[in-house]
Each structure stands twice: as C-alpha cells, then as structure tokens.
Amino acid sequence: MAEAYQDDSAYDKYRTIDDLGGWVRTHGCNELTAADLGKEVCLMGWVQFRRDHGGLIFIDLRDRKGLTQVVYSPEHNAQAHERAHAIRSEYVVAVKGLVRERPDGMINANLTTGEIEVVVDDWKLLNTSQTTPFGIEDRVEASEQLRLKYRYLDLRRPSLARNFVLRNRIAQSVRRYLDEQEFLEVETPVLTKSTPEGARDFLVPSRVNPGNFYALPQSPQLFKQMLMVAGFERYYQVVKCFRDEDLRADRQPEFTQVDMEMSFVDEAQVMGLAEGMVRKIFKETLDRELPDPFPRMTFAEAIRDYGLDKPDIRFGLKLKECTDIVGGSDFRLFATAELVKGMRVPGGGELSRKEIDDLTELVKIYGAKGLAWIKIKEDEWQSPIAKFFSDEEKQGLKERLELEVGDIVFFQAGNPEVVNTALGYLRVRMGERMGLIDKEAFAPLWVTDFPLLEYDVEDKRWVARHHPFTSAQPGQMELLESDPGAALARAYDMVLNGSEIGGGSIRIHTPEQQRAMFKALGISAEEAEAKFGFLIEALQYGAPPHGGIAFGLDRLAMILCGARSIRDVIAFPKTQKATCMLTEAPGAVENKQLRELGVKLREKKKQD
RNA sequence: GGAGCCGUAGUUAAGCUGGUUAUAACGCCGGCCUGUCACGCCGGAGGCCGCGAGUUCGAGUCUCGUCGGCUCCGCCA
C-alpha cells in the first residue's frame with residue numbers, strides 16, 4: 001500500500017502539519033502576472049506536480065482557479081528548501097513568497113501565470129495526502145467505478161470541475177433571466193403525496209402516521225398550479241425531482257428541473273419566454289447565438305420526417321414513405337406492410353457487409369425483424385431485395401427517394417411505430433457514421449401538437465401522453481369519445497441536438513374540463529376525488545388560464561458541457577443500480593428505526 | 001424483467017490454439033541532480049489475475065454460477 005511507503009519515508013520528520021497561524025491567502029493560483037512582480041504574496045492550494053532537482057525544487061500549486069509555479073531555492077531560504085523535499089502530490093500547502101520574473105526562455109505559455117513564479121520565503125504544510133488512486137489530471141483515464149468511489153478526487157480534475165463552473169453559470173443565467181421577467185422563486189414540498197400515473201415514486205414512511213407514506217415529487221406540477229390559483233402569476237424553481245425508474249447515460253433517479261408556470265398566457269407566450277431563456281443561457285455561457293425564433297415542427301411532421309419525437313435537425317437524411325410505391329410489389333413483406341419507409345444515405349454505398357450487419361443488429365433492438373437495403377451502383381441495384389421490384393416500382397423509388405449512384409437506401413416495413421423508431425435511430429447512427437453532424441452546432445427546435453393520449457398496451461387503456469392536467473386543443477375534447485388517439489394537446493417540447501431538454505403545456509383550468517379528462521382516462525369520479533380532489537376544488541375558486549414548462553437542467557448542462565454522460569454534470573451521481581459508490585447508499589437501517597416507522601421487512605427467502 | 005461489453009500490480013492496459021518465474025507504461029519508495037514545468041538519470045518494491053465451483057496432469061486463459069461497473073431494450077405521465 002502507498003501508506004506503507006510513506007511511513008518508511010526518509011522525510012517523515014518534515015511532515016508536521018501546521019494550522020493557518022494567521023496566514024491569509026492573498027491571490028488565487030491563476031491570478032499573478034508580470035504586473036505583480038515584486039509583490040509579497042500568499043498562495044494556498046494543492047501540489048499538482050513536484051520537480052525536485054536536489055538544488056532547486058519546483059512545485060505547481062493548484063487551486064480551483066489554476067496553477068502557479070512555486071520555487072524553493074536554498075539561496076533564498078535554506079530551511080524552507082530543506083523541508084520541501086518532503087512535499088508530495090496533493091499535499092496541501094500555504095506558501096509566502098516573492099513574485100519574480102522567470103529567467104529568459106523559461107516562460108510557460110500554457111499557463112496564465114506562466115511569466116512569473118513565486119520564490120518561497122516561508123511555507124506551511126496544511127495537510128498531507130495519501131498517494132491518490134488515480135492521477136489528478138485530465139490525461140489520466142481512471143475507470144468510472146473508481147472515479148465514483150473517490151468522487152472528491154475526481155472532482156479535482158480540471159475537465160470535470162469545469163463542468164460545475166459551467167453548470168453554475170447556467171443556473172445563474174436562469175435566475176437572472178426569470179427574475180428580470182418577474183418570476184417568483186417559490187419552494188414546494190419534497191415530502192408530498194404519491195400520484196399514480198407516471199413514473200414510480202420514491203416513498204418515505206411517516207412515523208407520525210404509521211402505515212402512511214409520503215412520496216418524493218416527480219415534479220412540482222400540482223403545487224405550481226396551486227400557485228397560479230394563488231395568484232402568483234409567474235413562478236419558477238430550480239428543483240430536485242425524483243423518479244424511481246431504471247437509469248441511463250442521460251437519466252438519474254434524482255435530477256434537477258428548471259420548473260416554471262405562468263398565468264394568462266397561451267402557448268406562444270410560454271414558448272417565447274422559454275426560448276428567450278435558452279438563448280440567454282447560450283449567450284452568457286458559451287457566447288453563442290441561437291435562432292430567434294426557434295424552428296417549430298409538429299409531432300406528426302417529426303415522426304413523418306425523422307421517425308422520432310426529438311429530431312436531431314443538425315443533419316438531413318429525412319425518411320420518405322414508400323408504402324404506395326411498393327404496395328403491389330412481389331416482395332410480400334413490403335406488399336402487406338401497413339407502412340413502408342425508406343431512408344437514402346448519400347455515399348452510403350461504401351458501407352461494408354459487416355457494417356450493414358451491425359446496423360441490422362441496431363434496428364433489431366427497436367423491434368425490427370431485419371434491415372432491407374439497396375446499394376445504388378452505376379449499372380445495377382445491389383441488394384437482396386431489388387429482384388422483387390418491377391422497373392416501374394424501381395423508378396418510383398428512385399424518384400421518391402431521389403436516389404443517385406453511390407447511395408445506400410435502408411427500408412423498414414411493418415408496424416408504424418417500429419418502422420419509425422428503428423429508422424429514426426438508424427438515421428442518428430448514420431448521421432454520425434457519415435460525418436454529417438457538425439459537433440459545434442446547436443440546433444434547437446420546438447415540437448408541438450402532440451397527441452393528448454396514447455394507448456397503454458399493457459394496461460389496455462388510454463393514458464395521458466404528457467400528464468392528465470394538459471388541456472386539449474380547441475374542439476379536440478369531443479374526439480376523446482370517438483377517436484381518443486387523434487385528439488391533440490396544447491403541449492410543446494424543446495429539443496436540442498436530438499435530446500428532449502424541456503416540455504410543457506397549457507393546463508386545464510376549469511373543474512369541468514379536468515373532470516372530463518379524468519373520465520376520458522378511465523379514472524372514476526370517486527378515484528379522481530380521492531387522488532386529485534384538492535386540484536378540482538382549487539380550480540373552482542377562480543383559477544386563471546395558465547401553462548408552463550420544465551427544463552432538465554442536467555441534460556441542458558450535459559449538452560453545453562459536451563459531456564457524454566449526465567453523471568459528468570452531477571457532483572455525486574448514482575450508478576446504474578442506483579447506488580452511491582461513495583457513501584454506499586442505500587444501506588440497511590436499524591430495527592429500532594423500522595419499528596418507529598411501523599415498517600416491517602419481508603423475510604429474506606435466500607440466506608446470504 | 002431482458003440483451004450486450006468489461007473486471008489482470010496503486011492506475012491504465014498486454015497476456016495467442018490452456019503449459020517454466022504473469023509483461024509494459026505511468027504512479028510509488030530510495031539515491032543523484034540549481035531552471036524544471038507530464039523534469040531527467042540510476043536502483044527498488046509492488047499480484048487472491050473480482051469471487052466461487054467445475055473441466056484438465058495443469059486454468060489469468062475453457063465452462064457454469066455469482067458480485068460489481070458501463071451501454072441499450074422494457075420502463076421513464
């Protein structure tokens with residue numbers, strides 16, 4: 001163990017830990033320049049690197065802001081220099097010294113403080129450090145498992161620390177903007193009531209009310225509507241929300257929303273205000289201009305052209321329906337399919353058989369049975385399926401898909417949902433594979449006119465696509481009886497580079513409409529009363545028309561930071577099994593605690 | 001609930017169709033070094049090959065199970 005080495009060290013006598021003793025830090029480690037020459041300064045921080053020449057000793061001192069080179073010189077202070085042999089990486093030191101020019105040719109252009117160095121008059125060892133399990137450097141690639149266990153060390157690495165600086169700036173931008181717009185930040189309860197419909201709740205047993213449970217909020221939805229009834233008119237909150245569902249690279253069980261709600265507004269006003277906020281964030285953090293207004297697309301258009309409800313519009317490769325062209329073909333699979341769509345990939349003729357096999361595996365994940373393809377060659381169509389098509393059908397496909405020599409075209413046929421999803425994700429993959437995505441680009445987009453309901457195959461009933469408090473577009477409530485799937489909602493999502501970063505709606509604000517919605521969802525009057533009685537009651541007391549939106553702050557930060565994982569913008573994230581590698585949460589609790597809560601654990605069937 | 005990838009010194013990796021003492025780089029420890037900046041040079045220590053069974057004369061390597069990490073499907077109003 002590293003510990004053992006240090007105990008044996010010849011320098012242990014110098015490793016006495018001092019307190020600050022009245023020393024005051026005068027500068028950060030990125031601050032000193034040639035303008036500060038001759039100043040007596042005091043720096044405090046961590047030892048990044050030690051370069052011990054026997055005579056001179058250099059250390060790079062690191063704090064949150066940067067690095068400064070510190071020199072221990074026997075001529076300047078022999079005793080300070082002698083003690084400095086004991087210094088190791090990540091020791092915490094305070095240094096008093098003189099800012100002086102570096103000798104000719106010794107300037108380090110990579111550092112903002114590269115013109116100067118601090119020559120030590122006196123220094124204190126504020127703490128030692130074990131040898132760290134991984135280097136505190138960006139170039140060190142430790143496994144994520146190890147990084148999460150020693151997260152406090154991982155967070156010292158500049159590339160990760162930078163994400164939290166940016167995240168803070170995003171949050172500050174949000175607060176400034178919404179404050180200017182006269183939004184009121186109001187805190188809502190974290191211990192609240194379980195509301196069925198939607199994600200699984202985290203539950204908290206109530207000691208005072210044995211057998212009863214609080215739920216942690218999936219969102220402050222109902223409270224913010226209450227605040228509209230309260231007449232607050234404009235509310236926001238940067239708020240933790242909780243969903244007990246499986247994790248993903250972009251999903252954590254606790255996450256942060258920028259949640260907002262406004263009274264006396266329609267879709268256009270909410271969207272205008274929300275995109276103004278996102279434009280301000282990009283301007284203030286990355287100095288990037290986003291379009292004004294953001295482009296818009298209906299849900300139906302998104303599915304038609306991109307297969308997904310969160311299109312990445314940084315590149316083309318639009319899907320084209322071909323059902324009518326191949327409906328009479330000899331290819332049974334296509335001829336009998338409810339929907340046939342094709343996607344032309346210019347230059348895709350270069351794809352190898354292996355690559356196509358891999359893409360076939362990709363679409364199978366989304367329920368596709370296989371992947372049909374045609375390579376357009378100079379004098380023929382190279383494909384397992386081209387033989388089934390007549391010249392007329394080929395001509396039809398050529399025109400519809402605008403096929404040219406060198407292209408590949410992929411097809412999906414069958415269940416519309418599978419066709420769209422599979423081709424939609426294949427499109428994203430091909431955008432990356434063909435180098436069509438400008439990594440510097442930010443392409444925001446509104447998706448509107450979502451269906452109000454969607455069919456839950458498992459429960460065999462219609463459920464709210466957004467949530468049951470979303471209002472229907474004018475004249476659409478009647479459809480709830482006749483054609484529930486066709487009714488459109490007053491809902492909107494903000495999509496950025498193929499990620500959903502925010503979503504909201506105009507809410508139902510009359511008790512009659514809210515009751516009608518519950519009824520359409522198959523929720524009985526009694527059940528609605530029991531679960532949402534307080535909402536319906538509140539709507540009876542002069543609820544103003546209102547609507548809002550919530551942004552996933554983590555996802556937004558992730559995109560702005562260019563992070564691959566949401567964990568890189570959350571200080572202490574959970575693993576895929578929802579555990580914390582640092583604290584080892586969740587953990588067992590004492591029986592006494594359980595008794596107090598009136599909770600009894602089920603007997604374990606299997607012994608350890 | 002399901003599919004896939006991964007687990008070897010402190011770290012990151014190599015380790016072939018099973019075969020002598022399990023390699024390398026970085027890090028660590030010691031020595032030398034007065035202009036380095038990922039300092040350099042010399043020397044050294046450091047391994048339950050995730051864990052448990054099995055196959056075999058013999059397992060880091062093959063099989064099964066298990067634990068852990070990651071990616072994805074389901075799930076996520």
Side-chain angles (χ1 to χ4, degrees), chain A residues 1-11 48-61 67-76 81 85 88-89 102-111 113-114 117 119 130-150 195-201 218-219 221 241-253 255 361-362 364-367 421-422 425 450 452-454 456-458 462-470 489 491 500 503 505 521 552 564-565 567 574-577 579 581 608:
Chain A
M1 301 300 285
E3 208 172 344
Y5 301 150
Q6 289 186 0
D7 288 343
D8 292 343
S9 167
Y11 295 107
Q48 180 71 45
F49 298 112
R50 172 185 64 119
R51 294 179 292 279
D52 188 340
H53 289 228
L56 289 177
I57 299 171
F58 300 92
I59 65 169
D60 291 335
L61 192 66
L67 293 176
T68 299
Q69 175 163 284
V70 169
V71 190
Y72 295 85
S73 158
E75 284 98 44
H76 204 80
H81 171 263
H85 286 297
R88 295 292 180 272
S89 287
R102 294 193 182 191
D104 280 347
M106 294 302 157
I107 287 173
N108 185 341
N110 297 323
L111 294 181
T113 59
E117 62 192 12
V119 60
Q130 299 280 344
T131 300
T132 52
F134 50 85
I136 310 301
E137 300 171 70
D138 287 342
R139 68 194 168 89
V140 170
E141 285 188 33
S143 72
E144 190 160 18
Q145 200 165 4
L146 196 67
R147 289 173 50 206
L148 289 175
K149 182 172 176 189
Y150 297 96
T195 53
E197 307 268 325
R200 196 175 293 114
D201 286 317
Q218 298 178 26
S219 102
Q221 180 61 33
C241 299
F242 305 86
R243 291 175 192 176
D244 188 7
E245 298 293 346
D246 287 351
L247 291 80
R248 288 283 193 283
D250 63 351
R251 239 162 58 188
Q252 283 271 306
F255 58 101
E361 290 308 306
L362 174 75
K364 281 181 179 173
I365 291 171
Y366 302 100
T421 308
Y425 284 107
F450 282 89
L452 193 57
L453 308 178
E454 62 189 356
D456 185 322
V457 181
E458 209 160 292
W462 292 93
V463 297
R465 186 183 170 93
H466 188 51
H467 55 52
F469 320 111
T470 296
E500 184 202 325
S505 65
L521 293 172
R564 292 177 314 282
S565 159
R567 296 183 296 278
K574 304 252 183 316
T575 67
Q576 198 169 43
K577 288 189 77 182
T579 64
M581 298 237 67
D608 301 346

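A, B, ... follow the sequence lines: proteins, then strands. Residue 1 opens every chain. Note that these values count all heavy atoms, side chains included, but never hydrogens, waters or copies made by symmetry.
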Take atom [atom1] of [X] and atom [atom2] of [N], then tell me their distance rounded to the nearest Å.
X	N	atom1	atom2	answer
A:Arg564	B:C72	CZ	P	12 Å
A:Lys577	B:G68	NZ	P	4 Å
A:Glu245	B:G74	CD	P	12 Å

Phosphate OP1/OP2 of B:A3: any A:Tyr366 side-chain N/O under 4.0 Å: no

Check whether the side chain of [X] and the base of [N] form a donor-acceptor pair under 3.5 Å.
X	N	answer
A:Arg567	B:C70	no
A:Gln69	B:U36	yes
A:Asp246	B:C75	no
A:Arg251	B:C76	yes
A:Arg248	B:G74	yes
A:Glu117	B:G35	yes

[N] pairs with which nucleotide, Watson-Crick or G-U wobble, both distances below 3.5 Å?
N	answer
B:C5	B:G69
B:G35	none
B:G47	none

Under the 5.5 Å and 30° test, is A:His53 stacked on the base of B:C39?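 Aromatic stack with B:C39 present for A:His53.
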
